[in-house]
2 protein chains.
Amino acid sequence: MKRPPTAADVAALAGVSRSAVSRTFTDGASVSGETRAKVMEAADKLGYRVNHLARSLNSAQPSKLVALVVSDMDHSFRAVTVDLLARGLVADGYRPFLLPWSEGDSTKTVIDMMLNYNVSGAIVTSDTPPAEIADECARYGVPLVLVNKAPVGERTARVMQDTDLAGRLAAQELHDIGCKRILYAGQRRNSFTIGARRDAFLDEVETLGMELVGMAYGTAQNHAGGIEAAEDFLSQGLEVDGAHCANDFFALGFIDGLRRAGHSVPDLMALVGCDDINEAAWPAYDLTTLRQDPQALTRACLDALAERIAAPETTGRLIRIGVTPVRRGSTRRT
Amino acid sequence: MKRPPTAADVAALAGVSRSAVSRTFTDGASVSGETRAKVMEAADKLGYRVNHLARSLNSAQPSKLVALVVSDMDHSFRAVTVDLLARGLVADGYRPFLLPWSEGDSTKTVIDMMLNYNVSGAIVTSDTPPAEIADECARYGVPLVLVNKAPVGERTARVMQDTDLAGRLAAQELHDIGCKRILYAGQRRNSFTIGARRDAFLDEVETLGMELVGMAYGTAQNHAGGIEAAEDFLSQGLEVDGAHCANDFFALGFIDGLRRAGHSVPDLMALVGCDDINEAAWPAYDLTTLRQDPQALTRACLDALAERIAAPETTGRLIRIGVTPVRRGSTRRT
DNA sequence: GTGATCGTTGCACACGTGTGCAAATCCTGT
DNA sequence: ACAGGATTTGCACACGTGTGCAACGATCAC
């Protein structure tokens, strides 16, 4: 097991100085075509690759490492987002570290990781906000982009859904098909984005002259939580003709919970979710929802990160991502 | 924007040599309690963190970086696996790079990434096998673990489902409830694991005295592919009482495709999938399947990787992960 | 008190790379 | 042929860390 070849090895074989090798692999450096050719040949023969770790040691060159702090990867929308973010980062020349974090985990590991490897930036897209992480980033001057999270610190950029628009659109969808008696189903203790969306929804329900008849709760914002919420709803004996769920995953569970009791959507009530995950379009559910474009979300994150890496002193910005209603069977009157 | 503090800064503040600082943060080094205390205080005041990039430059210490090459993150099982792998790696002190790769992408980026950052190992879990990646890893001596992929090279470890067992169990599940006329639905050009499982399935179908009536194809191994396969099946006018699908995602699509035409499972035919993704348990589908434990899969990968990092010269090994039948409504006779 | 032993400390080097600076080389115009 | 400029090259240093080696001081046994 021999160690990988270094620039010095290549220089020796090519009969030039080590500087020449370095310059050959540095964009915009001054090397003659002849030397470059000799170097390339020797490098190819030896299988030489520039060691980026050593390169980034030289403080002039930034490290190109970016931390990707993620939770709830089993949520379909999250998985897609992470995939797109990683792809985008790689395409832009960055190297994404994947740092899973879930409630209860120590934040120390994540923080150590970011600072020990002096990443040049971080994107945080976990639901429950580990404020410590943001604080430490701010303290050490690591550019930070938060996705769908409450503001933390002075200089962090934030990308989030236009929750106000989303909440209002959900209410309008129900209003448009003539709903009058409305239910909201979600988690009791909501995450930041979902909470804001719910508030906008409830507000618009009132504005449009519909009546909020009740709330149904589940303990998690996923399929299982939706089933619980359906049971909660049924146990209350409410009469309702339209509902909005915290997100699509929850809505699918809600539908399954209603079905288990012999009901069906939209016969029992019209239903609007949020996110437009792939599963929402499956014929078994055919869920009306509000599309949050993962491409747009991702692009905004990458732009914001690049901007903050270029000018770390900039004060934080908030970028809102729009939503589009996607009408499907769950709001189709039969 | 000031640069992060270095060991020299800490040494100056604490009034000791830089070596003392280094030794304070190195396990098993010889430092007196008094010096250690002074160093820790100074380090804390300055907010010093050891720079792991510089540390790993010293060839004695391995880099602790691991590449995670992944495709099809939108597949639920894949997302869960990646999450568990990343968690496990972080827990074991490694740092996972997330490298998305899909068919059509250049392998150059991935290979460059691994070699430029001289990762100490890599786990590849993309479906279509980029043999080049494995070849380059072998050439440069990067320990490699392949998940559910065809063998490549001499010294790569492989972790894969016991496809033979899985295929036979699928057939037996159908046989147990009295099926006689069997259908297989999947992709025409199968991935390695799915192909092997299909072969074992077809073999066992014959052994048990059932009849293979036909095949149905879709163009992708996901929900959309399953719908296509259902249409393909219906257009052939076959009579069938049991079927096995390439994987769960595909099976859910297959069910939806049959439903769209007014049929239902298991009334039209019994159905067995494979993987046991979360969605398979959803009441709308209630799919009988073969559980592939992601925890066991992940653990095996991490162990294999650790083993190969410790002794890179070892010849490749194949670790088989068992499967367990999970009986649900799709094979329940009404 | 003295010699031996052992834990602690600092110096200096190594790791692989980028780059400022000055020397050297090449090219061009007359 | 020669001056002057433009381009290329090599030297030496910097980046932040770990560690072998020798020196140093303390402790202990006699």
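In the text below, chain A, chain B and the rest are named by the order of the sequence lines, each starting its count at 1.
Not counting sequence neighbours, B:Asn118 has no partner by the side chain to side chain donor-acceptor pair (under 3.5 Å) test. With sequence neighbours left out, the side chain to side chain donor-acceptor pair (under 3.5 Å) criterion links B:Arg317 to B:Glu307. Residues satisfying the side chain to side chain donor-acceptor pair (under 3.5 Å) test with A:Ser32, not counting sequence neighbours, are A:Thr35. For B:Ala196, the side chain to side chain contact (heavy atoms under 4.5 Å, CB included) partners are B:Thr163, not counting sequence neighbours. The side chain to side chain donor-acceptor pair (under 3.5 Å) check on A:Thr6 picks up nothing, with sequence neighbours excluded.
Residue pairs that meet the salt bridge (charged side-chain N to carboxylate O under 4.0 Å, His left out) test with at least one member in residues 90-101 of chain A, sequence neighbours left out, are A:Asp92-A:Arg299. Identified under the ring pair (Phe, Tyr, Trp, His ring centres under 6.0 Å) test for residues 54-77 of chain B, with sequence neighbours left out: B:His75-B:Phe249. Sorted by first and then second residue, the ring pair (Phe, Tyr, Trp, His ring centres under 6.0 Å) pairs with a member in residues 18-47 of chain B read B:Phe25-B:Tyr48; sequence neighbours excluded.
For A:Ser30, no side-chain nitrogen or oxygen approaches OP1 or OP2 of D:dT7 to under 4.0 Å.
Bending across the helix from C:dG1-D:dC30 to C:dT30-D:dA1, expressed as the angle between its end axes from five pairs apiece, amounts to 30° (10° rounding).
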Enumerate the protein-to-nucleotides 23-27 of chain C contacts in which both atoms are nitrogen or oxygen and the separation is below 3.5 Å.
none

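The residue A:Ser32 sits close only to the backbone: its heavy atoms come under 4.0 Å of sugar-phosphate atoms, none of a base. Within the 4.0 angstrom heavy-atom criterion, no nucleotide atom of any strand lies near B:Val21.
Between the side chains of B:Thr193 and B:Gln161, no donor-acceptor pair of N or O atoms lies under 3.5 Å. Checked by atom type, the side-chain pair A:Thr125/A:Arg78 shows a donor-acceptor distance below 3.5 Å.
Between A:Thr109 and B:Val90, the closest side-chain pair of non-hydrogen atoms falls below 4.5 Å. Within the 4.5 Å cutoff, no side-chain heavy atoms of A:Val70 are placed close to those of A:Pro100. Proximity of B:Asn51 to B:Arg55: side-chain heavy atoms (C-beta onward) are nowhere separated by under 4.5 Å.
Contacts between residues 33-43 of chain B and DNA chain D, defined by a heavy-atom separation under 4.0 Å, are absent.
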Worksheet item: In the 5'-to-3' direction, what one-character label does each nucleotide of nucleotides 11-17 of chain D receive under the scheme B = base within less than 4.0 Å of a protein heavy atom, S = sugar-phosphate only, - = no such atom?
Response: BB--BBB
